[in-house]
S.K.: 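One structure coming up, written as structure tokens, with questions to follow.
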Protein chains: 2
Amino acid sequence: MKPLTGRQQSILDYIARFMDDNDYPPTIRDIQAELTISSTSVVDYNLKVIEERGYIRRNRNISRGIELVQRDRSRRGSSMLSIPIVGQIAAGLPIPVPGDLESMGTGEDADVLEVGPELIGGNPAGVFALRVRGHSMVDALINDGDIVVLRRQETAQNGETVAVWLREERETTLKKFFLEGENVRLQPANVTMEPIYTRADNVEIQGKLVSVHRSIS
Amino acid sequence: MKPLTGRQQSILDYIARFMDDNDYPPTIRDIQAELTISSTSVVDYNLKVIEERGYIRRNRNISRGIELVQRDRSRRGSSMLSIPIVGQIAAGLPIPVPGDLESMGTGEDADVLEVGPELIGGNPAGVFALRVRGHSMVDALINDGDIVVLRRQETAQNGETVAVWLREERETTLKKFFLEGENVRLQPANVTMEPIYTRADNVEIQGKLVSVHRSIS
DNA sequence: CATAGCATCGAACGGATGTTCCAGTCAATG
DNA sequence: CATTGACTGGAACATCCGTTCGATGCTATG
């Protein structure tokens, strides 16, 4: 993107400020008044330049027809993910099955975790969050009160960290998954701790761990 | 909030749809054309009603001067925080001092962590993020590659988790802080591990731990 | 100096847009 | 039936606002 002159940068800055305040773009005369430019044609001229440089998009013959292309990306919820916190995860409890994520996901009053997409990395579909109860997952460096984000899936590649339900033990755990013949090795994230070995048909994969979030009260 | 008639609800819906598509509000005549209403005065009349009901705000004599009050809350990046990742934190390294957070904070290319405000809880001023290097903080349930969010402060209340620089040992650590007379007890978050005791003038508080984020590759 | 390109300026034009006034329609009510 | 209130129509009016045009500097460039 080509650089802008000082005046053009001022105009662009003002447009951004104006839209933050007012929810709608400024008119050419708004810009003219703010920057004490003597003529609307000067503003129009510079807006054309800014548009050619790619910073804004203009809708001809439409009042306030200025859109910031820059902002569409970083701005707003468009790049913001609201992940529903559908329940709790604890050692002795099976992972709750989120009914239909779509309908409850963006509900106003529902408990949601808002994060940027860089922490999810990939398609946000099928992703949900659970609040951790108890200290049973400290071996995975996960504390009581943490929020874990999982992607629902029933199989796993070797090395992926997954939430599994152990049928015999009747408990949930969060470990790295390795299929070794008939058996499964479940390795804690904390390298100083020992893995669990069990039969493959004893583990029921609930989802893949996507991210962990801890807010200090 | 009082209910709306069908036509008024249609108008409100269309305004919301229009603003999603265009980044600016519709004109009265846009609404008129979309809903095939025969007169602009009908739209104006209904907009006045909708405004009285509290669903929108209108700016008189301003083109496209319609704002959705509903959206201001849940809307977009307004409630989204971009926290700059200003460096790394490791056992043997002092915490980098962020120069001026404001100027570099929202830079386009700067590495930023985007999270919702519920994970920060409080004023986002003076908050910055660091990427964790090494496994020296597993006792605080923090792994290599995690991102920690800190609020810059040089003092701490007992019980707060803080990032401290130990002058003698020349290393950084992240522990719960307890001032006990002349000495300081630094307690790991992991309850199974032993605390560190040291003189108060050996600890240099760098900031208070606000949150921890881990993204599984 | 002549020329060209860039940025600015002032003014006017014309379409876009909010506002207002008056006349209706329709259902509910007495 | 008359009245009232909520709502819709049609048209005109007054700005608001984007666009265009001619003119003026200003800075290279040759």
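Naming: A, B, ... by sequence-line order, numbering from 1 per chain. Heavy atoms only: backbone and side chains are in, while hydrogens, waters and symmetry mates are out.
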S.K.: Just to confirm, is there a sub-4.0 Å distance from OP1 or OP2 of dG18(C) to any side-chain nitrogen or oxygen of Asn59(B)?
M.R.: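 For dG18(C), OP1/OP2 do not have a side-chain N/O of Asn59(B) under 4.0 Å.
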S.K.: Indicate yes or no: does Asp44(B) engage Lys48(B) in a salt bridge with an N to O separation below 4.0 Å.
M.R.: yes
S.K.: Need one value for Asn61(A): base, sugar-phosphate or nothing, where a base atom within 4.0 Å counts as base even if backbone is also close, heavy atoms only.
M.R.: sugar-phosphate
S.K.: What does Ser63(A) touch in the nucleic acid at a heavy-atom separation under 4.0 angstrom: a base, only the sugar-phosphate, or nothing?
M.R.: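 Result for Ser63(A) = sugar-phosphate.
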S.K.: Using whole Å, report how far CZ of Arg57(B) lies from C1' of dG18(C).
M.R.: 18 Å
S.K.: Provide, to the nearest angstrom, the distance between the CD1 atom belonging to Ile28(B) and the C1' atom belonging to dG18(C).
M.R.: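 It works out to 5 Å between those atoms.
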S.K.: Where does the chain A footprint on DNA chain D start and end, counting 5' to 3' with a 4.0 Å heavy-atom cut-off?
M.R.: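 Here the contact window of chain A covers dC17(D) to dC21(D).
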S.K.: Any donor-acceptor pair under 3.5 Å joining the side chain of Thr40(B) to the base of dT19(C)?
M.R.: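 Counting by modelled atom types and ignoring angles, a donor-acceptor contact under 3.5 Å is found here.
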S.K.: Charged N to carboxylate O below 4.0 Å: is that the case for Asp23(B) and Arg57(A)?
M.R.: no
S.K.: Whole angstrom is fine here: how far is it from NZ in Lys48(A) over to C1' in dC6(C)?
M.R.: 14 Å
S.K.: Before accepting this row, confirm whether a basic side-chain N of the pair Arg131(B)/Asp146(B) lies closer than 4.0 Å to the acidic partner's carboxylate O.
M.R.: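 Between Asp146(B) and Arg131(B) there is no salt bridge, as every charged N stays at least 4.0 Å from the carboxylate O atoms.
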S.K.: Write down the distance between CD (Gln8(A)) and C1' (dC6(C)), rounded to a whole number of angstrom.
M.R.: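 Between C1' of dC6(C) and CD of Gln8(A): 11 Å.
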S.K.: Let me spell it out: for each of Arg29(A) and Val49(A), pick the nucleotide of DNA chain C with the closest heavy atom. Which residue's pick is nearer the 5' end?
M.R.: Val49(A)
S.K.: Would you say CD of Gln157(B) has more than 12 non-hydrogen atoms from neighbouring residues, nucleotides or ligands within 6.0 angstrom?
M.R.: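 No - once you tally the heavy atoms of other residues, nucleotides and ligands closer than 6.0 Å, there are 12 at most.
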S.K.: With respect to the side chain of Arg58(B), which nucleotide from dT19(C), dG10(C), dT20(C) is positioned closest?
M.R.: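 Of the candidates, dT19(C) comes closest.
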S.K.: Closer than 4.0 angstrom, basic N to acidic O: yes or no for Glu204(B) and Arg167(B)?
M.R.: yes
S.K.: To the nearest angstrom, how far is Tyr45(B) atom OH from dT25(C) atom P?
M.R.: 18 Å
S.K.: Measure from CD1 on Ile31(B) to C1' on dA16(C) and round the result to the nearest Å.
M.R.: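 It works out to 15 Å between those atoms.
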S.K.: Any ion pair linking Arg58(B) and Glu52(B) (charged N to carboxylate O, less than 4.0 Å)?
M.R.: no
S.K.: Using modelled atom types and a 3.5 Å cut-off, is there a donor and acceptor pairing between side-chain atoms of Arg152(A) and backbone atoms of Gly207(A)?
M.R.: no
S.K.: Can you measure Arg64(A) atom CZ to dA16(C) atom C1' for me and round it to whole angstrom units?
M.R.: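 It works out to 12 Å between those atoms.
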S.K.: Reading DNA chain D from 5' onward, which residue's closest nucleotide shows up sooner: Ile37(B) or Ile62(B)?
M.R.: Ile37(B)
S.K.: In whole Å, what is the span from the CG atom of Asp44(B) to the C1' atom of dC21(C)?
M.R.: 12 Å
